[in-house]
Every structure is written in structure tokens, then in C-alpha cells.
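One structure below.
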Amino acid sequence: MKKIIAEAEFTAQQNDDIAALSRTTGLCEETVRILYGRGIDTEDKIKAFIHPGKHAFLSPFLMSGMKEAVDLITRARQEEWSVVVYGDYDADGVCASTIMCRALADFGVNACVFVPERRNGYGLNVQSIDEIFEEYFPQLFITVDCGISNAQEVEYIKEQGAEVIVTDHHELPSVLPDCICINPKISDDYPYDNLCGAGVAFKVGCALNGKSAYQYLDFAAIATVADSVPLTGENRDIVAEGLNLINSKPRANYSNFLKKEERATSQSLAFSVAPKINAAGRMGDAGAALTLFLSDDDKEIYDYSVKLTAYNLERQKYCDELYSSAKQMLKEKGANGRVIVLCGENWNAGFVGIVAARLAEEYCRPALLFVKNGEGYKGSARSIDGVNIYEALRRSLIHI
Ligand SMILES: [Mn+2]
């Protein structure tokens with residue numbers, strides 16, 4: 001289904017503005033009209049949109065907590081603390097872990113990196129924390145792409161005697177963890193809220209190492225595209241610079257996924273690189289994606305690229321099977337009113353989200369897919385424009 005975006009209608013005054021902007025920017029009126037309709041309605045905004053790049057990067061120190069984080073990491077370096085980075089199993093989490101680990105190493109701190117597997121759930125959890133303490137005795141715990149909703153788990157880490165820095169980009173809960181928190185959504189002087197987890201890790205890298213952190217813009221660009229955050233503002237600058245890097249000095253860690261001799265674009269990152277990284281997590285081996293991105297060994301990089309490509313093929317096969325099974329079930333029992341609600345005994349919880357999205361788009365209505373999980377059910381919901389599925393479920397508007 002193609003999304004149809006209605007053409008904006010403008011007042012006489014706005015049409016005058018558009019004509020004037022077309023003259024000052026040298027762009028044709030049709031282009032300015034499209035930009036204007038999307039809120040890019042001044043000469044400066046148009047210039048920034050058309051010419052994204054590192055000149056527009058914001059100071060990382062505008063983000064609250066950044067200075068305190070740099071001070072604490074400096075202390076960890078001086079006192080040779082054991083440091084652990086804790087990430088997430090999706091492409092954003094793996095890229096964020098990669099950037100944080102490499103930037104810390106450049107700063108002189110050798111950290112151990114841990115990404116949970118999907119079965120452990122998203123974010124910090126007590127079991128993983130226990131395992132990490134048993135193995136590494138961390139004195140400093142740094143989260144990337146998660147942690148902002150884990151006030152309790154952060155307390156648990158502090159009780160074991162480690163300091164904590166949370167870096168995240170997710171929505172803020174009512175109670176923030178009681179530690180240094182870096183998140184662009186915290187109301188502070190940082191003007192751009194839409195960074196992904198790896199974007200935040202990149203900003204920490206810049207705060208630690210200045211421009212030398214720009215060498216990780218490729219990973220930040222992959223994550224920004226993979227996490228589907230809007231390609232506006234600083235995200236646009238990150239992706240533009242990341243693509244320059246990927247097209248001039250591609251790293252072996254992801255270049256096996258790109259088509260040879262073709263200029264990489266945000267589409268190639270979205271369709272050729274990100275699915276392979278995400279597939280590792282979905283197949284229960286996010287650690288493989290992390291190994292691939294952290295490795296500097298050609299043989300290992302080759303082997304893991306092959307492994308991730310195979311995971312992705314397997315993932316596609318599972319999704320196709322689940323999709324056919326869901327379609328068959330839908331044919332037999334029909335939709336639940338205006339909503340698709342299905343449950344499969346043998347479906348894999350890692351793939352129902354992808355299939356729910358496909359059904360929601362195909363039938364243009366919300367889709368909820370469940371799998372049996374012990375006594376209860378576990379599911380994923382995908383909605384369409386104009387239906388807030390979270391609200392609908394919360395107010396019991398959907399009967400399952
Ligand atoms: Mn993320």
C-alpha cells in the first residue's frame with residue numbers, strides 16, 4: 001500500500017512566502033512548496049535540510065549529564081576501574097554498544113560489552129546484572145540504548161557498589177534512575193530530541209574524544225536509519241556524514257552486506273545492512289552482530305558476515321511461514337471486527353511483530369498477533385495512522 005499524502009493548501013500569504021523563498025534559495029517553487037508543507041519554512045531551515053553535514057553538529061555538552069559523565073569516565077581511567085557497557089539486541093543497540101566501546105578505548109578505557117539476548121527481554125534485568133557482576137566485577141556500568149526506564153535495576157547495580165551512567169533515547173518514565181542520565185528527551189538545552197541510541201552514544205564519544213569520534217559516524221548512520229527515527233535535524237547530519245564515510249572508506253565490518261560499486265544510500269543501510277544485524281537478535285544470537293562490529297580481524301569479520309546473512313535468510317523463511325499461517329487463520333475465522341487478532345500456538349514471539357506490521361499495512365487496520373507463553377499469551381501489535389493502539393487497549397476498546 002502506498003501512503004497518499006494530501007497536497008497542502010496554502011494561503012495567499014504563504015504562497016507569497018514560498019515564491020520569495022524560491023527566489024532566495026534558488027530552488028524551484030515545487031520543491032519549496034513540499035518543504036514548506038513539512039515545516040521547513042525559512043531560508044535557514046531549507047539550507048540546513050539541503051546541505052546536511054558535520055558543520056551543523058550540536059555541542060554534546062548541551063545535553064544534561066554529559067559533563068558529569070565525562071568527569072566520571074575520566075576518573076575511571078585514572079583509577080583503572082573495570083567498566084561494562086550494557087546495550088540492546090537490535091541494530092541500534094548493537095551500533096550504540098560498538099560506538100561506546102570503541103570511543104572508550106580511544107579515550108583509554110577498555111570496557112567489556114554486554115548485549116542481552118531477546119529472550120532476556122529489553123533493558124536491564126537482575127539476572128543479567130548478576131551474571132555481569134560475577135564475571136567482570138564492574139565499578140562503572142554504562143548503558144546504551146536502554147536504562148532510562150530501569151530506576152529499580154539501577155538501584156540494584158548501585159547496591160553492588162558500581163557507579164552507573166545511563167545513556168538512552170527512549171521516552172522518559174515518571175521516575176528517572178538516580179544516577180547520571182543522558183537522554184536528549186530530558187528537558188535541557190539540547191535542541192534536538194530525536195537521536196537514536198547510537199546517536200546518543202556518538203555524542204558521548206564526541207564529548208570524550210572530540211572530532212576523532214567522527215570515525216564512528218558510519219555506525220551511527222546505520223543505527224539512525226535502522227531505528228526509523230526521523231531524518232531531520234541532527235539525524236540528517238549524522239546520516240549524510242556517515243554515508244560519506246561508508247562511500248569513501250567502508251569498513252569491512254558491514255561492507256560485505258553492501259552491493260559492490262554502488263553508492264550506498266539510506267535505503268541500502270535500511271534494506272541491506274540493518275536487517276542482517278537485526279536478524280542476529282531475532283535468531284537469539286545478538287552477540288554475533290556485536291562480535292562482527294567490534295572485530296578487527298578479517299577472517300572473523302568474513303565468518304560473521306556469512307553467519308548473519310544466513311540468519312537473515314532463516315529469519316525471512318520463518319516470517320514467510322508465519323505470515324502464510326496467519327493469513328490462513330484469518331481466512332478461516334475472519335477479523336475481530338475492525339481489528340485483526342490472531343493467536344498461533346507454535347509461532348515464534350521474535351517474528352510476530354514483523355508479520356503484524358505486514359498484515360496491518362495489507363489490510364489497513366490494526367493487527368495484534370499472540371503466541372502462547374506459559375499460562376498467558378505474549379503478543380505484538382501494529383497499528384495504522386490515526387489509531388492509537390496503546391490507548392485502545394488501555395481503555396479496553398478492543399475485545400480479545
Ligand atoms: Mn533504540
Side-chain angles (χ1 to χ4, degrees), residues 60 63 65-66 69 85-103 113-125 128 141-151 153-154 164-173 176-177 181-186 190 192-206 216-239 242 254 266 269-271 273-282 286-287 289-290 292-294 350 353-354 357 380-382 390:
M63 247 186 266
M66 192 64 84
V85 173
Y86 187 102
D88 182 33
Y89 47 71
D90 71 356
D92 186 24
V94 169
C95 289
S97 306
T98 304
I99 294 170
M100 187 62 84
C101 175
R102 288 177 180 259
V113 193
F114 182 94
V115 290
E117 293 298 340
R118 217 165 234 278
R119 60 181 170 273
N120 305 331
Y122 164 76
L124 292 168
N125 65 80
S128 300
F141 213 100
I142 304 176
T143 71
V144 289
D145 194 31
C146 70
I148 204 71
S149 314
N150 291 122
E153 289 79 4
V154 167
V164 186
I165 299 172
V166 163
T167 80
D168 200 351
H169 71 119
H170 290 98
E171 291 297 329
L172 304 177
L176 295 185
C181 290
I182 298 176
N183 184 326
K185 293 194 171 67
I186 291 175
Y190 203 74
Y192 188 67
D193 279 4
N194 292 318
L195 294 174
C196 65
V200 178
F202 167 69
K203 299 308 285 190
V204 177
C206 292
Y216 306 123
L217 277 161
D218 46 358
F219 292 121
I222 291 169
T224 300
V225 171
D227 221 46
S228 305
V229 283
L231 285 189
T232 55
E234 198 166 32
N235 283 340
R236 206 172 167 76
D237 301 314
I238 288 173
V239 172
Y254 49 75
S266 53
L269 302 187
F271 298 110
V273 182
K276 272 96 176 181
I277 306 303
N278 280 323
R282 290 189 188 279
L290 184 70
L292 172 66
F293 273 6
L294 285 178
I354 299 177
S380 259
R382 292 293 184 279
Y390 174 78

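Along the sequence shown, the residues carry numbers beginning at 1. Remember, it's 1-based here, ligands and their atoms both numbered in the order they're listed.
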Within the 4.5 Å heavy-atom criterion, are [X] and [Y] side-chain neighbours or not?
X      : Y      : result
Tyr190 : Glu234 : yes
Pro177 : Ile148 : yes
Phe293 : Cys95  : yes

Query raised in the report: How is the N/O/S atom of Asp145 that comes nearest to the Mn ion (ligand 1) named?
Result: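 Asp145's closest N, O or S atom to the Mn ion (ligand 1) is named OD1.
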
Query raised in the report: Is the Mn ion (ligand 1) less than 2.8 Å from at least one N/O/S atom of His169?
Result: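 So His169 does bind the Mn ion (ligand 1) by this criterion.
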
Query raised in the report: Near the Mn ion (ligand 1), is there an N/O/S atom from Asp92 that is less than 2.8 Å away?
Result: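 Yes.
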
Requested in this report: Tell me yes or no: between the side chains of Asn235 and Tyr192, is some donor less than 3.5 Å from an acceptor?
Outcome: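 Per modelled atom types, Asn235 and Tyr192 side chains form a pair under 3.5 Å.
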
